[in-house]
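Below: one structure, written as structure tokens.
So you know, we letter chains A, B, ... as the sequences are listed, proteins then strands, and number each from 1.
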Amino acid sequence: MDIPKTYEPKDVEGRWYPFWESHHFFAPETQTDPNAPVFTMVIPPPNVTGSLHMGHALNHTIQDVMARWHRMLGERVLWLPGTDHAGIATQMMVEKQLAQEGISRRDLGREKFLERVWQWKEQYGGAILSQMRILGESVDWSRERFTMDEGLSNAVKEVFVRLFDDGLIYRGEYLVNWSPGLQTAISDLEVEMKQVKGRLWHIAYPIRNADGSLPEAASLAEAYAAANEGERKSGLLHTETGDFLVVATTRPETMLGDTAVAMNPEDERYRALAGRTVVLPLVGRELPLIQDEIVEKEFGTGFVKVTPAHDPNDFAMGKRHNLPFISVIGKDAKITAAAPEKYRGLDRFEARKAVVADLEAAGLLVRIEDYTHNVGHCQRSGVVVEPLLSTQWFVRMKPLAEPALEAVRAGRTIFVPENFTKIYYNWLENIEDWCISRQLWWGHRIPAWYTPDGDIVVARDEAEARERLRATGKDASVALRQDEDVLDTWFSSQLWPFSTLGWPEQTEDLKNHYPTDVLVTAQDIIFFWVARMIMMGLKFMGEVPFRVVYINGLVLDPEGQKMSKTKGNVIDPLVVFDKYGTDAVRYSLAAATSAGLSFALQEEKMVSARNFVNKIWNAARFVLLNCGEVLDAQQPVEWESELAEPMLADRWILSRLNRTTQEVNEALQNYRFHEVAAKLYHFFWDDFCDWYIELSKPFVASPEITPENTAVRQRIVYVLERSLRLLHPLMPFITEELWQRLPHRGETICLADFPRFDAAQLDERAEREMNTLIEVVTKLRNIRATFNIAPSVPLQAEIATTDASLSEVITRMEEPIKRLARVAEIKVVNALSAQRGSARAVMPGAEIAVPLSGLIDFDKERARLSNTLTKLTGELGGLEKRLSNPDFIARAAADVVEQSRERAAELQDQIARLKAMIEAL
RNA sequence: AGGCUGGUAGCUCAGGGGUAGAGCACUACCUUGACACGGUAGGGGUCAGCGGUUCAAAUCCGCUCCAGCCUACCA
């Protein structure tokens with residue numbers, strides 16, 4: 001058999017996915033037991049435009065670990081894959097393509113354009129799906145979905161119509177976040193606040209005098225110069241010809257649309273001005289001075305200009321005080337005809353300059369401050385968002401949010417880690433209505449029709465629209481025009497947990513798999529997606545869509561920075577798969593993650609994971625090369641063998657394997673993937689490779705086939721095979737490869753039983769005895785290393801103990817100890833008789849001497865022993881202090897006191913021995 | 001402004017009421033027939049600071065300081 005010394009992932013990984021996929025191992029139907037528990041997850045659908053990034057790799061790895069684990073536990077597992085049509089992203093992609101051909105989507109027209117998008121989707125949309133196969137994801141491809149599939153589209157229409165009929169969807173003119181870059185409205189969540197260095201312009205508005213005259217600007221500069229700091233701050237400037245009030249703004253161009261000036265009703269400074277009006281500079285409009293709580297007395301001058309058509313707060317004030325709404329900035333981000341002629345057609349930023357210049361010229365700009373503030377940017381296009389009035393469709397969120405809050409409060413869905421519940425509550429408690437219409441072409445077209453008279457009919461299709469018209473006694477034969485807009489992409493994603501299972505049809509899948517068990521997702525889409533899915537699930541299915549929301553952390557670059565294309569620090573999963581092997585990357589992702597916490601992905605982590613994978617390969621290589629007769633039998637190996645009783649190492653590794661099995665199952669149950677990884681690492685490397693394989697070598701590596709040798713070979717194969725099963729969810733490829741080469745039951749390790757904890761296989765005595773062996777060997781090796789004795793030089797050792805069970809174990813294990821520590825002869829005695837020139841060591845209950853005539857450096861030896869002595873004395877000091885404290889004896893748990901006493905006695909014994917040794921030197 | 005999370009070995013991080021662990025890095029030795037992507041043995045830490053609760057605090061509770069995220073209507 002030819003097995004390479006170094007594991008080559010590339011030679012192995014490509015083989016297994018096609019095998020798994022073609023055999024449909026990942027379909028829930030694979031488990032035919034009708035009573036098997038069901039386990040369901042839906043994948044957060046990646047954008048069709050996307051390709052696999054590290055965030056996916058982490059998110060998908062975690063899901064795959066769970067899916068594979070549950071599948072191996074014998075459950076009927078469905079992990080449902082699919083993609084999202086990603087309205088804006090996809091449309092932009094195709095528009096870019098068109099731009100290269102020199103045409104726009106409008107040149108093509110809606111229908112042709114959509115054809116192009118579908119074409120694009122067919123051609124390029126599958127990239128991420130094949131990358132998911134490279135990662136090894138055990139999804140059921142027979143149930144793959146796309147948010148624009150016919151079935152899912154029906155679900156969207158159904159939900160829209162029902163929400164509308166329930167009064168939860170309405171259409172109206174409101175202030176929306178308009179993206180001049182994308183030429184569409186966007187939701188609050190799609191607005192990204194960025195800190196921007198700007199200016200705070202202080203503008204003086206003349207207050208109309210009681211006699212109707214206006215103060216003159218000419219005297220203002222003088223008045224301002226004469227004013228003290230307090231008067232300036234107060235924002236009220238007196239001149240000989242009358243008074244001015246000063247407003248502060250970061251967006252002077254919006255003043256063209258001002259329809260009021262506001263102050264706080266509690267503001268003593270301006271009480272006297274109640275009922276007065278001001279005249280808007282540059283425009284000449286007469287503005288009322290209104291009073292509103294929202295105005296902060298402390299900020300700026302305490303006066304706020306009110307532009308109801310271009311600011312969310314001002315919009316609210318406009319509604320409260322019945323102010324006119326004047327849109328001075330249009331959808332093209334240019335000044336409209338509602339503004340004075342001079343500014344019309346100017347871009348908003350050009351207009352800002354013009355307005356500032358004109359105010360300055362008029363002497364009304366009293367002050368300019370540098371000012372850093374947050375400005376909303378369009379998440380997709382990066383342009384500054386323009387709040388403006390527009391007719392859009394909205395979902396009324398409060399009535400939907402209430403049950404969603406209740407459900408989580410009642411624990412019907414829990415977050416892991418749980419602190420995300422607070423974030424969820426906080427958002428839902430303060431939720432605003434959701435603008436769902438988008439001025440795009442790619443997406444679910446809004447199922448609303450308009451009659452020539454302007455009536456609106458919401459219906460599943462045009463035929464139903466006519467029916468509904470008829471039902472209300474209207475003419476149903478008129479020409480109907482469907483709404484041009486499409487729905488926000490998240491409108492369809494929020495239905496994903498049930499639309500993918502066939503809803504609104506009452507399918508078997510829906511019955512079997514809803515609600516799903518776990519949703520694994522990143523924290524940035526809790527609001528976009530998770531909260532909305534819970535609302536929709538409750539509304540349309542009457543049940544939460546998932547029992548658990550596991551929030552995975554963010555994968556950062558090696559420096560701990562967010563990965564971003566602009567920074568150029570993105571690590572491509574495919575590149576590292578190629579470099580380190582997919583199993584290694586999966587393992588390092590699982591090992592690095594703690595729920596909800598971000599982590600830096602460092603090269604070293606993948607290197608160490610790759611080394612671990614290689615270690616597994618080589619341990620298996622050793623077994624494959626040396627256990628011929630067991631492997632040839634092709635019978636799955638049993639632990640119990642008539643050939644020979646298990647020896648200490650056997651009983652010990654079985655016990656350790658079981659403890660590990662218990663810990664791994666428990667950690668998986670609790671979503672503690674880093675713990676799973678760590679436990680398996682140490683079991684496999686430290687226990688299995690470093691001790692068990694080493695102890696088994698004389699039997700396994702011997703060319704002879706004796707009953708005893710065969711029994712040991714069977715047991716090593718047994719432990720390896722079980723270890724592979726434990727490792728499989730983390731490392732599907734190498735475990736399948738190796739498992740197939742071992743005697744096994746079944747077609748694939750994917751469907752093999754995941755080991756379960758069996759208390760009967762724990763063996764505390766074996767663990768205790770092995771610890772003694774390990775301690776003796778380690779002490780002997782330590783002596784060899786300290787005195788620089790070449791491995792080829794055999795040692796003599798004397799071990800003194802008065803503990804009968806200890807001497808029994810050491811005597812019984814004499815051969816392995818001699819071999820592992822490279823000792824020629826061990827004398828087990830009651831008291832050391834070795835001569836003065838010996839290196840010595842103490843361990844609980846025993847002491848060791850290695851005669852090293854001539855080789856020993858007494859100072860070095862004294863230093864080494866003193867070092868140990870200091871450590872032990874320190875520990876004993878602490879213990880004695882504790883034990884002499886009556887409160888400790890009285891209040892600490894009995895077993896803690898007992899343990900402390902035992903440990904103290906043990907330390908006293910060792911210290912006495914050490915002291916004697918040092919003196920003897 | 002509020003909220004959340006973190007500050008533990010040189011680095012990256014586990015742990016979490018009974019005086020500390022891993023990986024990498026470091027030091028010394030070792031090409032021993034699975035593996036140098038390896039083996040053996042080591043060195044290295046007032047667990048951010050200050051108070052409190054407790055017999056006992058790195059761990060629980062306050063406050064402070066740093067770092068990072070999220071939310072918010074301060075024009």
* To do: Start with the C-alpha gap between F673(A) and Y550(A), add the side-chain angles, then the distance that decides, and say whether ring-ring contact (aromatic ring centres under 6.0 Å, His included) holds.
  => CA-CA 12 Å; F673(A) 302 104; Y550(A) 176 92; 5.6 Å; yes

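A straight line from CD1 of I203(A) to P of A75(B) spans 15 Å, rounded to a whole angstrom. Atom CG in L554(A) sits about 13 Å away from atom P in C13(B), given to the nearest Å. If you measure from atom CG of D311(A) to atom P of C73(B), you get 10 Å, rounded to the nearest angstrom. Rounded to whole Å, the distance from CE on M193(A) to P on C73(B) is 7 Å.
Contact annotation: the side chain of H373(A) never approaches that of Q195(A) to less than 4.5 Å [non-hydrogen atoms, C-beta and beyond].
For residues 606-619 of chain A, proximity to RNA chain B is found at S608(A), R610(A), N611(A), N614(A), K615(A), N618(A), A619(A), defined as any non-hydrogen atom under 4.0 angstrom from a strand atom.
Both R672(A) and R882(A) sit near RNA chain B, but only R672(A) has its closest nucleotide nearer the 5' end. Nearest-nucleotide positions on RNA chain B place E694(A) closer to the 5' end than the other of I889(A) and E694(A).
On a pure distance criterion of 3.5 Å, no polar donor-acceptor pair joins the side chain of E296(A) and the base of A1(B). For a distance-only test at 3.5 Å, the side chain of K5(A) fails to qualify as a donor-acceptor partner of the base of A34(B).
Remark: the separation of the C1' atoms in A20(B) and C47(B) is 8 Å, to the nearest Å.
Among the atoms of the strands shown, only primed sugar atoms or phosphate atoms (P, OP1, OP2) are found under 4.0 Å from some heavy atom of W685(A). Within 4.0 Å (heavy atoms only), T778(A) reaches sugar-phosphate atoms of the nucleic acid but no base atom.
Using a 4.0 Å cut-off, some side-chain N or O of K562(A) falls inside it from OP1 or OP2 of C70(B).
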* **Dot-bracket encoding per residue of RNA chain B, Watson-Crick/G-U cut-off under 3.5 Å, | denoting interstrand** => (((((((..((((....[..)))).(((((.......))))).....(((((..]....))))))))))))....

